Structures are given as structure tokens and as C-alpha cells.
2 protein chains.
Amino acid sequence: MARTVKGPDARRERWKGHREQRRAEFVEATIAAVARKGPDVGMEDVAAEAGVSKPVLYRHFTDKSDLYLAVGQKATELLMDRMGPALAADGPIRERIRRIVDAYLSVIEDNPNLYRFVVKGSFVDRPVEKDVVQEDKDLIASTLARILGDYLRAFDMDSGGAEPWAHALVGMVQNAGDWWLDRQTMSRENLSDYLATIIWHAIDGLLRSGGIQADPERPLTPLRLVD
Amino acid sequence: MARTVKGPDARRERWKGHREQRRAEFVEATIAAVARKGPDVGMEDVAAEAGVSKPVLYRHFTDKSDLYLAVGQKATELLMDRMGPALAADGPIRERIRRIVDAYLSVIEDNPNLYRFVVKGSFVDRPVEKDVVQEDKDLIASTLARILGDYLRAFDMDSGGAEPWAHALVGMVQNAGDWWLDRQTMSRENLSDYLATIIWHAIDGLLRSGGIQADPERPLTPLRLVD
DNA sequence: CGGTAAGTGTTACTTTAGGTAACGGTTACT
DNA sequence: AGTAACCGTTACCTAAAGTAACACTTACCG
């Protein structure tokens, strides 16, 4: 038995990719199950959807919330894939705002069920170990806070308000989005445009009150990218 | 046995008030239990807190979600007691906005646990029968929508945007409030003021773009009350 | 005063869904 | 041949929501 310790046993590595793939597969199954049976699916349902029995699921996820967390992360991925570029892109301010807002709306429009599951999600049971939604919001908010802060500093204004501003913006877009998703009484374009207008006016107002006249049609300061 | 049917038996009426009172008592117990044992209390815990065993609880609430719903309604009451007057009061616009925002913030400041329980609430189990939070938000939003609509119409502007506006505002204040509640890095007054400024600027911008110059320090149109 | 309609409360059960134990088979590295 | 990882199953455990069944109290009703 006294085997000399050598490099990692290839038998361990063999599955490295496989496990990831399997998890992804179950995440998909969960999403499918949610779409089919509503947001209160159980582990049994998910397993069935994947054509498998519970214990298999539990080999890949320690826990129900672990699974849900993974679903949340998948959603985050979808979200960030579209929002990242929009946040990073430079350009005329008005248009830039519009694009960020629209990126968000497009994601929830394309995945309404997933979206609802994740945010209104039955993060039942035990403590809310990790709240993906909150994390995403915080991430976006802090990115915005940086952009806004840079902005204000570029005009030599007090940047202390950037953080509440950012969180306010996030909540604003999210809630307007929720409303819109439920009763789609206006086109996405309209809403994006409308929200962008509001936001732009608020920013403009702040700048004005600092004695600065900004042009909504022109790109501003070069800005750092998301990291 | 052939008793003539007469007016309501007094034995039925005797308890009318009592039941209400008892429910209220259990709602209080729930709030206390939440404060003590965190947001994932069970029925057993609540019953224990009230010094009683489960079935008693179930005589007054059909269900866990029924109980939680009642807690939510209690919270709504607290909220509306302060927001109602603020929403109904007339006065200089800037100040009016500030007061509404501050009313909200004061409620969550005074009842942080209850607030968190209700909004992040484990509305576990079965379908989310009735979402109190959503209802409250909708109620507030529609009140705001009316105020905004009146405003815009008073200036002969298109009032179509009032509804998304209102929902955006609600989300904005709520999310900024959440952020503030978690890490209280600024005074409530500061935040109220800051949010009011943002909101005012956005409104002002909209009016300007319609060619109207409004004075933030003057009361506007006489407005309908909440109903 | 006997009946009865509401309430008080209990302990002990059922049910459901999350999670686990224990078992056996397959593949491919060592 | 041995073993480390996976595949998968059925049958169980457990916690918490919810219920059944039983016993006592109060006050109205005739």
C-alpha cells in the first residue's frame, strides 16, 4: 500500500470537465421544470425532468439552495453577457444610458420565467445563504457608482452621492422592468427611452445645480471598464 | 327540533371582537418571534412565543401564509399610517417629495426586522397566494401615478408616462432604502434630501423639455387626496 | 337548569419534501 | 487485478406544516 505520492492521479482529473457539464445540465433541467410546473418545483420534480432520481442530483449539488444558487448564477451570466458591454461602452451619455437600460429589459423580456423564479424565488428553507439577486444588484450598482463618481469628479463636483444614486437607479430600472414585464402596455423601446430620459434629466439637473452644462449628445470623459 | 329561525344567535356574535384581538395578538407574537429567532421561524416557534400550542394558532389562521399575510397587512398599516398623510399633503413640490420619501425611510428605520421579514420574507411553500409587498408597491405607485398625471396634465403635457414613472420612483426609493438600511453610511435626512433632489430634477427636466419652468419652492395644483 | 355554540387548550398523529444510506454496476487509469 | 472516480437505484430518515380527536370553559337560550 505504501505508494509514493506523485502528481495528481489522472483518475481524478478525468472528470473535471464532466462534472461542470453535468451541473449545467441539471441547471437547464431546473429551468425547464420551472417553466413547466411553476416556480415551486421540488427536487423530485427537477430530478424527474432530468430523467434521474434524487440522489443523483445530490451528488452534484449539496443542497436545494446550492442548485438554486447555480440557477441564479446562470441567470447572472445571461444578464451580464448583455449588460457588461453596455456598461463598458462609451458614447453619448443619453444613448449610453438608454443602452444600459435596454440591455437589462431585453434580458428579462427574453427570460421572464427564469427571471421571476430567480428574483421572487422561493429561497425557502434555511438562511438565505447567498442571495444572487442582491449580489447582482450590488455589482451593477457599484459599477454604476464608479461611472457616476468619475463623472461627478470630472466636473469637480462632490461625488459622495454616487453610491445612493447608483442603488436608486438600479431599483428604479428593476421595478419599472417588473411592472412592464407583468402588464406589457408599452414597447420595450418606449420604456427604455423613457427611463433614459428620466435618468438623464436627473443627472443633468445635478450637474446644472453645480453650474455645469452637459450635452446629452456628446460622449463624456473616458471611463474605466468593468473589471 | 323545529326551531323557528330568528335573528342571529347572540352566542355567535359574542366573539366577533375577540377573534380580531386574538389574531392581532398572534401577529404580534410572530413579529416578536421573528425579532428573536430570525426570519425563518416556524409555526411551532410562533405558537410557543404566544404561549400556546400549534392547533390554537390554526384556529385563527388557516395557514402559514395566512399568518404571514396578516403580518404583512400589519406592516402595511404601519407604512400607510405615515405615508398616507405625506402623500395627501400639499405644499412646495420639493418639500412634498422629500416628505414622502422620508416617511418611507422612517418606517423602515423604525422596523427593520419586520421590514426585512416582510419583503425578503420566506413566502415559502405553495403559490405566493397574495403578495402584500407587491400590493403595497402597486398602491403607492398608482397614487403617485395619479399625482404625476395630474401634474403633467396641469401643464398640458402628455401624461402617458406617469405610470412607468411612478413604478420607477417606487423602486428607486425602495432600493435606495434597502441599501441604506443595511449599511447606514449616511443620515436619514441626508438620504431623503438627496433622493428628493434627484426626483425633483427628473421632474423638472421633464417639464423643461415641455417648455415649462416650474418652481420647486412653490406649491402646485390642488390635488385629489388618496382614496 | 339542561342544552348548545362558541371558544379554550392539549397530545398524538399524518403528510410532504428535503435530504441520506446502502447497495450494485461501469469505465479507465495504475 | 485493483481502485478511484462516476452512474444509478430503492428505501429510508427527519423536520415542519397541518390535522384529528379529545377534554374543559363560558355564557346565551329556551
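In what follows, chains carry the letters A, B, and so on, assigned in the order in which the sequence lines appear, proteins first and then strands, with residues in each chain numbered from 1. Computed from a predicted structure; not experimentally measured.
Mapping B:P55 and B:Y58 onto DNA chain D by nearest heavy atom places B:Y58 at the nucleotide closer to the 5' end. If A:M43 and B:G51 are placed on DNA chain C by their nearest nucleotide, the residue sitting closer to the 5' end is B:G51.
Distance B:K64 NZ to C:dT16 C1': 13 Å, rounded to the nearest Å. Rounded to a whole Å, the CG atom of A:L57 is 12 Å from the P atom of D:dC7. The nearest whole Å value for the distance from the CG atom in A:D63 to the P atom in D:dT14 is 18 Å. Following rounding to the nearest Å, B:D66 (CG) and D:dG18 (C1') show an atom-to-atom distance of 13 Å. Summarising the geometry, the separation between CD on A:E25 and C1' on D:dC7 is reported as 12 Å, rounded to the nearest angstrom. Rounded to an integer number of Å, the gap from CZ of A:R19 to C1' of D:dA5 is 10 Å. One atom, CD of A:E44, and another, P of D:dA11, lie 13 Å apart when rounded to the nearest Å.
For A:V52, taking side-chain heavy atoms from C-beta onward, the closest of the listed nucleotides D:dG8, C:dG9, C:dG18 is D:dG8. With distances taken from any side-chain atom of A:R22 to the nucleotides D:dC6, D:dG8, C:dT11, the minimum falls on D:dG8.
For A:Y115 and A:D178, the side-chain atoms include at least one donor-acceptor pair closer than 3.5 Å. Checked by atom type, the side-chain pair B:R188/B:S106 shows no donor-acceptor distance below 3.5 Å. Side-chain N/O atoms of B:D138 and B:Q134 include a donor and acceptor closer than 3.5 Å.
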inquiry  = Could you walk me through whether A:E49 and A:K37 satisfy the salt bridge (Lys or Arg N to Asp or Glu O under 4.0 Å) test, starting with their C-alpha distance in whole Å, then the side-chain angles of each, then the deciding distance to 0.1 Å, before giving a yes or no?
reply    = CA-CA 10 Å; A:E49 180 75 37; A:K37 311 194 52 171; over 6 Å; no

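Residue side chain B:K54 reaches the base of D:dG18 through a donor-acceptor N/O pair under 3.5 Å, judged by distance alone. Contact of A:R59 with D:dG8 (side chain to base): a donor-acceptor pair of N or O atoms is detected under 3.5 Å.
The aromatic rings of B:H167 and A:W179 sit parallel to each other, their planes meeting at less than 30°, with 60° as the upper class boundary.
Phosphate contact (OP1/OP2 of C:dT8, side-chain N/O of B:H60, threshold under 4.0 Å): present. Side-chain N/O atoms of A:S53 include none lying less than 4.0 angstrom from OP1 or OP2 on D:dG8.
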